[in-house]
Amino acid sequence: MYGSYSGRGRGAGSGRVRAGVATAGAVLLLAGCSSDGDGDDADGGAKAAPIGQRPKAEAPYWVNPEGRAARQVAAYDSAGATENAALIRKIAEQPVAEWIGPDTPEAQTKGFTEAAKKADRDALLVLYNIPHRDCGQFSKGGASDGNAYRAWVDQVAKGIGDRRATVILEPDALLHLVDGCTPGQFHEERYDLLKGAIQRLKQQPATSVYLDAGNAGWQTPDALFEPLQRAGIADADGFSVNVSNFYPTAASKDFGKRLSAKVGGKPFVIDTSRNGNGPYTQGDPSENWCNPPGRALGEQPTTKTGDPLVKAYLWIKRPGESDGDCKGGPKAGDWYANYALDLARNSGG
């Protein structure tokens, strides 16, 4: 199976997602290895219901019409579960990020960006392959060494070409330098790799790059601005906040603005995918990041934020994919239909 599965990050505080595989100028998302066990898995082979694009003026990002949520809609429709299909359609009709896996990066990014271009939209991509990723925790993995990572980023950039793409660069990578869980001997290399990745990606004429900078509940801007500078934020288009987390948009704006003031007024993007009800505050605090109950979809992806410093609300974490095998969920990155239904149901509308 191509792609990677991802688990908890202390900064992003949540499970990552399985990357898709792109071939022959079209996108084919391979089936996940397991479902939530209720027989309503989006990867069950049902033909996807027609899913269109959002209005370009509101959200210029590409909606994958064959994504997991779209296939779940088709599965529910086929089974006559129209209420559930309508709930999951809230997810399927929104642009969500495509997380690029370690294998065939050029083919993946070429496929996604070509499909986006054909729809006259921008691709939204996440790069998550830094060496020594996630300090050996649930998302451990990444490139084997610095040279392998540089080669991987180069292939990603070649796949993007001159097509429009927005890239979220390495969730948690910077934070794990600050919190000390990444061993000290890897720090200098990681700063160099992040800075080099920004510079390589920015060689592509229509690529925007946002370096991940954590969330409103982790550390403070005072702890992060110097590491951001060392990692090359000056060459990036900005930074991202709240990736895979649940902090309210207002809190993320405040955090981002305070951090922006310390890094030359750089703009930022906010992950609003699951922050509709804010963070979970009950139970074991060490596991509040993992499939927390009662959460809701947040603001829909848009560039119409009403704030010049906030470039976009984005769905970077893919709603409906598990944070890990906790609270009844499957392993990190697998589709979790019941959780997706709860997110959509709790969002109202």
Side-chain angles (χ1 to χ4, degrees), residues 17 19-22 25-27 53-54 56 59-64 95-102 104-130 143 149-171 173-174 191-213 228-229 231-241 243 256 260 263-271 301-303 305 308-316 318:
V17 298
V21 176
V27 177
Q53 301 298 318
R54 288 278 309 282
K56 187 176 179 181
Y61 307 102
W62 176 63
V63 176
N64 185 345
V96 298
E98 303 290 352
W99 293 59
I100 305 303
T104 64
E106 184 173 356
Q108 290 180 61
T109 52
K110 182 179 180 181
F112 290 134
T113 55
E114 284 186 343
K117 181 179 180 179
K118 185 176 181 179
D120 192 25
R121 296 296 189 274
D122 299 4
L124 178 60
L125 310 173
V126 181
L127 304 194
Y128 188 58
N129 194 39
I130 201 80
Y149 183 74
R150 293 182 185 95
W152 181 81
V153 171
D154 185 61
Q155 291 297 303
V156 167
K158 288 178 179 178
I160 293 173
D162 62 358
R163 293 173 289 275
R164 299 193 306 268
T166 295
V167 175
I168 309 302
L169 184 62
E170 296 297 342
L174 191 68
Y191 281 122
D192 181 70
L193 292 177
L194 292 172
K195 188 171 185 178
I198 293 169
Q199 293 172 345
R200 177 63 187 90
L201 291 164
K202 289 303 295 177
Q203 291 178 24
Q204 307 313 119
T207 297
S208 300
V209 181
Y210 293 87
L211 179 61
D212 186 60
L228 275 173
Q229 290 169 341
I233 189 64
D235 294 325
D237 293 271
F239 57 92
S240 59
V241 299
V243 172
S260 174
V263 291
K266 286 285 185 177
F268 56 98
V269 297
I270 301 172
D271 185 353
T302 184
T303 54
T305 69
L309 273 181
V310 184
K311 298 300 289 185
Y313 300 147
L314 301 176
W315 284 11
I316 301 171
R318 297 155 65 91

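In this structure, CG on Leu314 lies 9.5 Å from OG1 on Thr302, to the nearest 0.5 angstrom. Rounded to the nearest 0.5 angstrom, Leu193 CG and Ile198 CD1 are separated by 11.5 Å. One finds the CD1 atom of Ile168 at 9.5 Å from the OG atom of Ser208 (value rounded to the nearest 0.5 Å). Atoms CG and CD1, from Asn129 and Ile100 in turn, are 10.5 Å apart once rounded to the nearest 0.5 Å. From Phe112, atom CZ reaches atom CG of Leu125 across 7.5 Å, with rounding to the nearest 0.5 Å.
For the pair Ile160 and Ala165, the tightest heavy-atom approach, listed with the atom from each and the gap, is CG2-CB, 3.9 Å. Pairing each heavy atom of Val126 with each of Ala97, the nearest pair is CG2-CB, 3.6 Å. Pairing each heavy atom of Gly161 with each of Pro205, the nearest pair is O-CD, 3.9 Å. Residues Lys195 and Gly232 approach most closely at CG-CA, 4.0 Å, considering heavy atoms. Between Trp62 and Ala119, the shortest heavy-atom contact is CD1-CB, 3.9 Å. The shortest non-hydrogen separation linking Pro105 to Gly101 is CB-O, 4.4 Å.
Ion pairing of Asp120 with Arg164 is present here, as a side-chain N (NZ or NE/NH1/NH2) and a carboxylate O approach within less than 4.0 Å. A salt bridge is absent between Asp235 and Arg200: the closest approach of a Lys/Arg side-chain nitrogen to an acidic carboxylate oxygen does not fall below 4.0 angstrom. Classification of Asp122 and Lys117 as a salt-bridged pair fails, no side-chain N sitting under 4.0 Å from a carboxylate O.
In this structure, Trp99 contributes its side chain and Ile316 its backbone to a donor-acceptor pair below 3.5 Å. Using modelled atom types, no side-chain atom of Lys266 and backbone atom of Asp237 make a donor-acceptor pair closer than 3.5 Å.
At a threshold of 4.5 Å between non-hydrogen side-chain atoms, the residues Tyr313 and Pro301 do not count as touching. Side-chain contact check for Ile130 versus Leu194: some heavy-atom pair is nearer than 4.5 Å. For the pair Val96/Leu124, no side-chain contact is recorded, criterion being any heavy-atom separation below 4.5 Å from C-beta on. Side chains of Gln204 and Val209 form no contact here, defined as non-hydrogen atoms less than 4.5 Å apart.
Atom NZ of Lys311 is surrounded by 12 or fewer heavy atoms from other residues, nucleotides or ligands within 6.0 Å.
The aromatic rings of Phe239 and Phe268 lie parallel to each other, their planes meeting at an angle below 30°, with 60° marking the opposite boundary.
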Candidate pair Val156 and Glu106, rule side-chain contact (heavy atoms from CB on, under 4.5 Å), full reasoning: CA-CA 5 Å; Val156 167; Glu106 184 173 356; over 6 Å; no
side-chain contact (heavy atoms from CB on, under 4.5 Å) evaluation trace for Val310 with Ile270: CA-CA 7 Å; Val310 184; Ile270 301 172; 4.0 Å; yes
Derivation of the side-chain contact (heavy atoms from CB on, under 4.5 Å) call for Gln155 and Thr109: CA-CA 9 Å; Gln155 291 297 303; Thr109 52; over 6 Å; no
Intermediate values then yes/no, salt bridge (charged side-chain N to carboxylate O under 4.0 Å, His left out), Lys158 and Asp154: CA-CA 6 Å; Lys158 288 178 179 178; Asp154 185 61; 3.3 Å; yes
Evaluation steps, side-chain contact (heavy atoms from CB on, under 4.5 Å), between Glu98 and Arg318: CA-CA 8 Å; Glu98 303 290 352; Arg318 297 155 65 91; 3.1 Å; yes
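Of the options Arg121, Gln108, Arg163, a side-chain hydrogen bond (donor to acceptor under 3.5 Å, both in side chains) to Thr113 is made by Arg163 and by none of the others.
Checking Ser240 against Asp212 by side-chain atom types alone, a donor-acceptor pair falls below 3.5 Å. Between Glu170 and Tyr149, the side chains place a donor N or O and an acceptor N or O closer than 3.5 Å (distance only, hydrogens not considered).
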